[in-house]
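Numbering of residues begins at 1 and proceeds along the displayed sequence.
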Amino acid sequence: EIKGVPPTNILDISTRRKLFFDSLGEPIIVANSRGKKRKPLSKTLSGVLRCTDETFLNFLDSCLDWNPINRMTPLEALQHEWILEGLPPK
């Protein structure tokens with residue numbers, strides 16, 4: 001709902017693709033046990049978290065990138081502005 005559909009190159013290497021996506025790479029949308037259908041890009045990260053802190057949202061968005069090559073590494077995460085802001089002064 002938040003990050004949208006993964007890029008084609010990520011779907012191509014996915015082992016469970018056929019369970020969640022059709023042959024064109026479109027998501028197979030089914031209702032959950034409560035009858036709710038979840039659609040890609042129907043919500044925003046800030047809306048779900050009820051947060052407007054752009055630094056925090058950037059941190060989470062970087063952690064949740066579909067592509068592991070583009071995803072923030074643990075070392076990059078420790079050096080992110082949002083983490084550094086929370087450190088106590090020396």
Side-chain angles (χ1 to χ4, degrees):
E1 289 178 296
I2 296 170
K3 295 295 286 181
V5 178
T8 306
N9 62 329
I10 299 299
L11 286 178
D12 290 342
I13 61 173
S14 176
T15 58
R16 298 177 60 195
R17 173 188 176 170
K18 292 180 182 177
L19 294 174
F20 304 103
F21 297 91
D22 64 19
S23 60
L24 299 174
E26 294 297 318
I28 300 170
I29 299 176
V30 296
N32 65 12
S33 60
R34 295 182 179 179
K36 179 170 173 60
K37 292 185 177 184
R38 301 181 184 274
K39 296 178 183 150
L41 291 176
S42 61
K43 296 182 179 181
T44 64
L45 187 58
S46 62
V48 169
L49 298 176
R50 297 183 189 135
C51 174
T52 57
D53 183 344
E54 290 298 323
T55 310
F56 175 64
L57 293 171
N58 176 270
F59 176 82
L60 282 182
D61 193 51
S62 299
C63 290
L64 298 173
D65 196 302
W66 283 115
N67 191 336
I69 293 170
N70 297 337
R71 193 176 305 139
M72 188 166 35
T73 66
L75 183 57
E76 290 169 335
L78 288 171
Q79 296 172 350
H80 190 275
E81 180 183 355
W82 180 73
I83 295 292
L84 297 177
E85 284 176 0
L87 293 177
K90 291 184 180 181

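Scanning both residues, I29 and P40, for their nearest heavy atoms gives CD1-CD, 4.2 Å. Heavy atoms only, all atoms of each residue included: P6 and F21 are closest at CD-CZ, 3.7 Å. In terms of heavy-atom proximity, F56 sits nearest to C51 at CD2-SG, 3.8 Å. Closest of all the heavy-atom pairs between D53 and T55 is OD1-N, 3.1 Å. Taking both residues in full, the closest heavy atoms of P68 and I10 are given as CD-CD1, 3.9 Å, listed atom of the first, atom of the second, then distance. The shortest non-hydrogen separation linking L84 to Q79 is CD1-O, 3.4 Å.
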Using side-chain contact (heavy atoms from CB on, under 4.5 Å), reason through N9 and N67 one step at a time and then give a plain yes or no. CA-CA 9 Å; N9 62 329; N67 191 336; 4.1 Å; yes
Does the pair K3 and D65 meet the rule for a salt bridge (Lys or Arg N to Asp or Glu O under 4.0 Å), with working shown? CA-CA 8 Å; K3 295 295 286 181; D65 196 302; 5.4 Å; no
Derivation and outcome, side-chain contact (heavy atoms from CB on, under 4.5 Å), residues E1 and K39: CA-CA 5 Å; E1 289 178 296; K39 296 178 183 150; over 6 Å; no
Verify side-chain contact (heavy atoms from CB on, under 4.5 Å) between L19 and I28, making sure each step is shown before the conclusion. CA-CA 8 Å; L19 294 174; I28 300 170; over 6 Å; no
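Following chains of ILVMFWY side-chain contacts shorter than 4.5 Å, one cannot reach L57 starting from L64, and the two form parts of different hydrophobic clusters. Hydrophobic clustering of Ile, Leu, Val, Met, Phe, Trp and Tyr side chains at less than 4.5 Å, counting indirect connections, keeps V5 apart from L45. Cluster annotation: M72 is connected to L60 through the hydrophobic network of ILVMFWY side chains, with a link wherever side-chain heavy atoms come within less than 4.5 Å. The hydrophobic cluster containing V48 also contains W82, counting ILVMFWY residues as joined when their side-chain heavy atoms lie under 4.5 angstrom apart, directly or transitively.
Counting only distance, with no hydrogens or angles, the side chain of R71 and the backbone of W66 share a donor-acceptor pair below 3.5 Å. Formation of a donor-acceptor pair under 3.5 Å by the E76 side chain with backbone atoms of T73 is found in this model.
Under the 4.5 Å side-chain criterion, counting only non-hydrogen atoms from C-beta, N58 is not in contact with E81. Within the 4.5 Å cutoff, side-chain heavy atoms of R17 are placed close to those of D12. Under the 4.5 Å side-chain criterion, counting only non-hydrogen atoms from C-beta, F20 is not in contact with S14.
For the atom pair NE2 of H80 and CG of L78, the computed distance is 11.5 Å after rounding to the nearest 0.5 Å. Once rounded to the nearest 0.5 Å, the distance linking NZ of K43 with CG of L49 reads 11.0 Å.
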